[in-house]
Amino acid sequence: MHNHVKSRGVRYGGLRFGEDGLEESLPQGTQKGKQKDKPHLSAQCKLLLLVNGLFATANALSGTFVNVYLWKVKNDYTMIATFAISQQVTTALLFWLAGKWIKEYNKMNALRAGVAVSAIFYSAVLWAGVKAVDYVIWLGAIQGISAGLFWSAFNVVYFEVTDPDNRDRFNGWAGLLGSAAGMIAPWVSGFLITRMEDAIGYRLIFTISLIIFVVATIFSFFLKKRKPLGKYLWFYGIHQLKKRRHPWRKIGLAMTAQGVREGVFGFIIGLLVYIYTQNEMKLGNFSLITSAVGLFGFMVAGRMLKPKYRRWGMFAGVVMMIAVILPFFWQVSYFTLLVFGIGTALFIPLYSIPTTSVVFDIIGQNEESAEQRVEYIVLRELALCLGRIVGALVFIAVVSRTTAPLAMNFLLLGIGSSPLIVWLLLRGWLGSAAPKPDKA
């Protein structure tokens, strides 16, 4: 097998195999005549970014405040964590089940279904009102179904429309758009909520999210229908993990470690901002400031973080992501939360862009691996969800015993240090454009 070879008829990043294998159009960045150091994004890449941006905007508009909405009804960390666990369990299950639909049938319909179910989630929250706290497991399950359908399809399409030459650039733009959404949408939500009665403000932002999901669905129809990819192998990922020295043993552990941080920080930081300020507008301002910094960070990292800089760039990002947790040991306040948020937003692109890019590069390292991309993407997400569930369970185990500031700080430091494990496990593949051969 060749690795990212440019010989005739064979390419694995975006996809073109042999004469009777899979053939997908290469992104513009790989076409002849394009400058290697300035890879371009194809029209399909840009359209996928648009759909992703709308999805992120709708979720940022309302998703930032769902946990606050629940907390205001019932001050219970365990309830919030249970909501998160329900979502992750369902996301993992849907990734695994949807793999067959995505590989053997129409993956674009799975993506559209994910957007539609997300709209159903916000409709359910509106319908439940203050009784939503009694249905957190079911609401989390609905949101998990949405995430599982959307991201399983999105990740496969993302793999197909990008290649190692433009993948960092795509990830940089995706992060930039996500930061822009996280910058504007929560601020608008906080502004509306604080200037209306709570129920009216929350109902309005949830309704606006529904409209944006509809627009995202419409744009998704302009993404071209992609060919079925063959027979879906339900337990392919597990079989690969059983092989000695298989790279996905390390990758799977790395993704699990990555999920540990995401599973807790995904809900606790925004909630802490509200708890310490009791003001949705302050949470909106927090998102505005940190996302503005994140937009700058992703813009710079997306342009400057070449494959040869991945190893030490990612290490620097990880160290700084851990360092910005330390001010909590001095005092947890809006100021120290803002220091954490700004620091994380500035340095997380150095961590997230290489992590995403290198894993997808490894999936596309040869024809056999690329042909099983759906199974590998499912395996990646299962590992991430496992980590998120573990992180949330550890969080519940601690807060059910104590919520003392010192215990909470050590909890956040321990969970927040998991990216260092990710770097240690992936460092062998960082620093080069082509991943090492599969040692199955």
Side-chain angles (χ1 to χ4, degrees), residues 3-4 88 92 95 151 155 158-159 164 167-168 171 175 236-266 301 305-323 325 344 347-366 369-370 372-373 375-394 412-440:
N3 290 326
H4 302 302
Q88 295 307 325
F95 251 86
W151 290 112
N155 286 335
Y158 153 76
F159 176 82
R167 198 159 281 147
D168 283 344
N171 290 337
Y236 180 85
I238 294 175
H239 292 321
Q240 303 316 300
L241 294 179
K242 290 179 179 179
K243 297 179 180 179
R244 293 184 60 192
R245 299 180 65 194
H246 195 285
W248 273 85
R249 284 192 167 192
K250 280 189 176 181
I251 297 168
L253 287 173
M255 294 300 95
T256 301
Q258 179 179 334
V260 169
R261 183 186 188 278
E262 294 176 357
V264 176
F265 282 59
L305 197 59
K306 307 300 181 186
K308 63 182 179 180
Y309 302 135
R310 284 176 178 171
R311 178 178 296 176
W312 296 111
M314 181 177 169
F315 179 75
V318 166
V319 170
M320 293 308 299
M321 285 169 62
I322 297 171
I325 300 172
T344 300
F347 293 105
I348 201 169
L350 294 174
Y351 163 72
S352 63
I353 291 177
T355 300
T356 302
S357 295
V358 76
V359 172
F360 279 88
D361 286 354
I362 292 167
I363 293 175
Q365 68 184 339
N366 58 47
S369 179
Q372 306 302 144
R373 58 190 177 277
E375 287 85 352
Y376 278 122
I377 287 170
V378 168
L379 179 59
R380 171 182 179 267
E381 190 64 27
L382 290 177
L384 282 168
C385 287
L386 175 61
R388 292 167 188 152
I389 293 166
V390 169
L393 287 173
V394 170
L412 293 178
L413 180 61
I415 289 173
S417 298
S418 63
L420 183 59
I421 300 174
V422 179
W423 180 82
L424 289 170
L425 290 166
L426 294 183
R427 71 187 188 281
W429 291 286
L430 296 166
S432 61
K436 295 178 182 178
D438 186 342
K439 296 180 180 179

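- At least one side-chain heavy atom of Leu379 sits under 4.5 Å from a side-chain heavy atom of Leu241.
- Atom CG of residue Leu412 and atom CD1 of residue Ile322 lie 13.0 Å apart, to the nearest 0.5 angstrom.
- Side-chain contact check for Ile325 versus Phe265: some heavy-atom pair is nearer than 4.5 Å.
- Summarising the geometry, atom CD belonging to Glu381 is positioned 7.5 Å from atom CD belonging to Gln88; distances are rounded to the nearest 0.5 Å.
- In this structure a side-chain-to-backbone donor-acceptor pair under 3.5 Å is missing from Arg388 to Glu262.
- Taking every heavy atom of both residues into account, Leu382 and Ala92 meet most closely at CD2-O, 3.3 Å.
- Contact annotation: the side chain of Tyr376 never approaches that of Ile251 to less than 4.5 Å [non-hydrogen atoms, C-beta and beyond].
- For the pair Ile377 and Phe95, the minimum side-chain heavy-atom distance is below 4.5 Å.
- For the pair Leu386 and Met255, the minimum side-chain heavy-atom distance is 4.5 Å or more.
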field: Worked check of side chain to side chain contact (heavy atoms under 4.5 Å, CB included) between Arg427 and Val358
entry: CA-CA 10 Å; Arg427 71 187 188 281; Val358 76; over 6 Å; no
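- Applying the ring-ring contact (aromatic ring centres under 6.0 Å, His included) criterion to Phe315, with sequence neighbours excluded, gives Trp312, Trp423.
- Under the 3.5 Å distance criterion, the side-chain polar atoms of Arg261 are left unmatched by any main-chain donor or acceptor of Gln258.
- The two residues Pro419 and Met321 come nearest to each other via the heavy atoms CG-CE, 3.9 Å.
- Between the side chain of Arg249 and the backbone N or O of Lys242 there is at least one donor-acceptor pair closer than 3.5 Å.
- Of all heavy-atom pairs spanning Gly313 and Leu350, the tightest one is O-CB, 3.4 Å.
- Of the residues Ile415, Val394, Ile389, Ile421, the one that meets the side-chain contact (heavy atoms from CB on, under 4.5 Å) test with Val260 is Ile415.
- The minimum heavy-atom distance linking Val422 with Ala257 is given by the pair CG2-CB, 3.8 Å.
- By the 4.5 Å heavy-atom criterion applied to side chains, Val359 and Trp248 are counted as neighbours.
- The two atoms that bring Pro349 and Pro354 nearest to each other are O-CD, 3.6 Å, heavy atoms only.
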